[in-house]
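Below is one structure, written out as structure tokens, with a few remarks after it.
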Amino acid sequence: MIFLAFLTPVYYDLFSNLAVPLAKFGWNSSFLVSDVLMAPIFMVTGLLFAFQFAPLLVVELFENDMTPLLLTMPIRRSSIFFVSSLNTLLMTSFGIAMTLSISLAYLLLNRDQLLWGALGICLWIFFLIALGFLFGFLLARLIGKTAAKRTSQLISFLVLILVVMSPSVVAPISGTNPETVLRSLQNSAGFFLSPGWPHYWFMSAAKGQPVFLFPLLGITTGLFGFVLVYANTLNFSPVRKNRERRKAVDGSERTNRLKGGAFPVLKKELRLMFRESGIIWYLIYPLAFPIFLVFGRYHQMPFVSLLFMIVATMYSGMVSVMMMISEKKIWPIPTLFPVSFLSLVKLKVLIPVALFTLEYLILLGLFIALSPSAIYDVFMIAPIALILYYCSLLGMRLFLQDPNRDISQRNRLLKGSEVLKLEGLSMAFSFGFYGVFFVLKTFLIDGPFWIFASIPSWSAILIFAGIILTLFILLFGSIGRERRMIHCLMTE
């Protein structure tokens, strides 16, 4: 909803400047210049939404622990399928936000035909969902749930790139003369505005031609009818790739591979970690999103740095929890390792800290290249590493307090209150350290300001030093408390 509320007025403002009839330039068409630009956008966003929905559907169908139980009950397989698809639909937040924001902006540009446009949006969304069903059926025959997870994460990443970058890409075009835009797009206009495309039917209905709703309704109804029939024949058993190769590797060979080489336990942790698509997403998002904001012409470095701190510190705790869950799934094999289980827990805490600290160094290098004054941010490396360490310990401790919790639902690894606690403490320390650092940096570069202009400079420096020292004392005390609690939980 946040992306939807943000993107809809942005797209409306961008495309309203190009809302000039094509007839003004000698075209025999009821469309606008903005429609020539929006038609390929409808096609791309629609396909990305369907492609994002399909692999998530495969994961939801074949990883849900309730599915085997439901199959033993007098419930139609199609009913199980559609209920699972509703849960999946809620997970495609970026795809839904992008598709709906573009559609609503188009509806506002053609608000004279509001009723037909609204019906067209509904049918367009249902058509994309049905298309996602078909892609899901195909993927279920070709790939397993692990590959489906990775595919869904990759497509979600692409949709996120589109959400962040599209306003900055469209903005220069919207400020161009409509005739110039039309001249540059006239070769592709005939292709994307061809009457055979479903998005053409939706766009024509929004122009006051409701007759185009009938082919969209017909093809959507036909797709859902096929889905309903085919869903009753599903056996809910995903494909397993390279099954023969996996069977050929026995337990002794895997043990030998684990023992060989340097740092075998670290290698084991990294292998288990990168098998989880959720962990890969947690590692990529905190670095990629700030970089996209920077290159998307959002140059507010303090905001981007603070965003990284908040997201990375929270995700460090979640990564530790997911690594612990991976360990739980292969239990009791970890008891055979020549290390204590407490050492394994410590390693799961330190790995995300090291990875997210490395990401901050990469982001810091980018900031320094764009703005030399960002060199002062090197002093934030130690606070960020310590906050990451604390949040990683906190996430581990919250999980160990209830080790028998249900881990089948990936979006409910921690309880709601636990997630709020992790988010609240990570945000509190991030705002505290970076707020003081930003004020101190401004004070040193631009000179005294605000209330600090009325006191001596040495007094202001002492105030900053006292606040920073207090924050470090609180952070070290919190780290020590979490370490003691984890040790107690492990030795009980």
Side-chain angles (χ1 to χ4, degrees), residues 1 3-5 7-16 18-23 27-53 85-86 89 92-135 159 162-163 166 170 185 188-227:
M1 292 300 294
F3 280 105
L4 185 63
L7 291 174
T8 301
V10 170
Y11 286 126
Y12 172 76
D13 182 63
L14 292 176
F15 291 111
S16 60
L18 299 175
V20 181
L22 292 176
W27 288 49
N28 185 20
S29 175
S30 61
F31 288 105
L32 307 175
V33 176
S34 58
D35 297 334
V36 179
L37 186 60
M38 296 186 76
I41 294 178
F42 277 124
M43 180 180 291
V44 172
T45 55
L47 287 175
L48 283 177
F49 169 72
F51 286 144
Q52 183 188 19
F53 180 63
S85 66
L86 290 177
L89 195 61
T92 58
S93 55
F94 290 127
I96 291 177
M98 190 68 183
T99 305
L100 282 179
S101 59
I102 291 288
S103 302
L104 290 176
Y106 189 77
L107 181 63
L108 293 175
L109 289 173
N110 300 274
R111 49 186 174 273
D112 294 338
Q113 303 293 335
L114 199 61
L115 176 61
W116 300 123
L119 290 175
I121 288 178
C122 294
L123 288 176
W124 172 244
I125 296 298
F126 279 117
F127 167 76
L128 294 178
I129 293 174
L131 195 63
F133 286 151
L134 293 182
F135 291 154
V159 174
L162 189 62
V163 168
S166 56
V170 176
L185 296 176
S188 61
F191 175 77
F192 289 107
L193 289 177
S194 173
W197 294 113
H199 67 267
Y200 175 88
W201 305 334
F202 152 59
M203 296 173 69
S204 298
K207 296 292 183 184
Q209 303 180 50
V211 67
F212 284 97
L213 291 177
F214 290 103
L216 187 57
L217 176 62
I219 192 173
T220 303
T221 304
L223 288 176
F224 271 103
F226 173 78
V227 169

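- L223 contributes atom CG, which lies 13.5 Å from atom CZ of F126 (distance to the nearest 0.5 angstrom).
- A side-chain donor-acceptor contact under 3.5 Å links H199 to the backbone of F192.
- In this structure, CD1 in I125 is found 6.0 Å from CZ in F49, a value given to the nearest 0.5 Å.
- In this structure, F214 has no ring-ring contact (aromatic ring centres under 6.0 Å, His included) partners at least two apart in sequence or on a different chain.
- With rounding to the nearest 0.5 angstrom, the CE atom of M43 is 4.0 Å from the CH2 atom of W197.
- Among residues at least two apart or in separate chains, there is no salt bridge (charged side-chain N to carboxylate O under 4.0 Å, His left out) pair with a member in residues 190-203.
- Side chains of T220 and W124 form no contact here, defined as non-hydrogen atoms less than 4.5 Å apart.
- Just one residue in the list L216, L128, T221 forms a side-chain contact (heavy atoms from CB on, under 4.5 Å) with L123, and that residue is L216.
- Listed by first then second residue, pairs satisfying salt bridge (charged side-chain N to carboxylate O under 4.0 Å, His left out) with a partner in residues 211-224 number zero, not counting sequence neighbours.
- Among residues at least two apart or in separate chains, there is no salt bridge (charged side-chain N to carboxylate O under 4.0 Å, His left out) pair with a member in residues 216-227.
- Atom CZ of F224 sits in a crowded spot, with more than 12 heavy atoms from other residues, nucleotides or ligands closer than 6.0 Å.
- Side-chain contact between L108 and L104 is absent, with no heavy atoms from C-beta onward closer than 4.5 Å.
- Scanning all heavy atoms of the two residues, the minimum distance from S103 to F42 falls at OG-CE2, 3.8 Å.
- Summarising the geometry, atom CG belonging to L100 is positioned 7.5 Å from atom CD1 belonging to I121; distances are rounded to the nearest 0.5 Å.
- Among all heavy-atom pairs drawn from L213 and G120, the shortest one is CD2-CA, 3.7 Å.
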Check residues 200-212 and write down every donor-acceptor pair under 3.5 Å in which the side-chain atom is one partner and the other belongs to a residue at least two apart or another chain.
unit_1 : atom_1 : unit_2 : atom_2 : d
W201   : NE1    : P195   : O      : 2.7
S204   : OG     : Y200   : O      : 2.9
K207   : NZ     : D35    : OD2    : 2.8
K207   : NZ     : N110   : OD1    : 2.7
Q209   : NE2    : S30    : OG     : 3.4

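- Applying the salt bridge (charged side-chain N to carboxylate O under 4.0 Å, His left out) test to pairs two or more places apart or on separate chains, none has a residue in residues 37-50.
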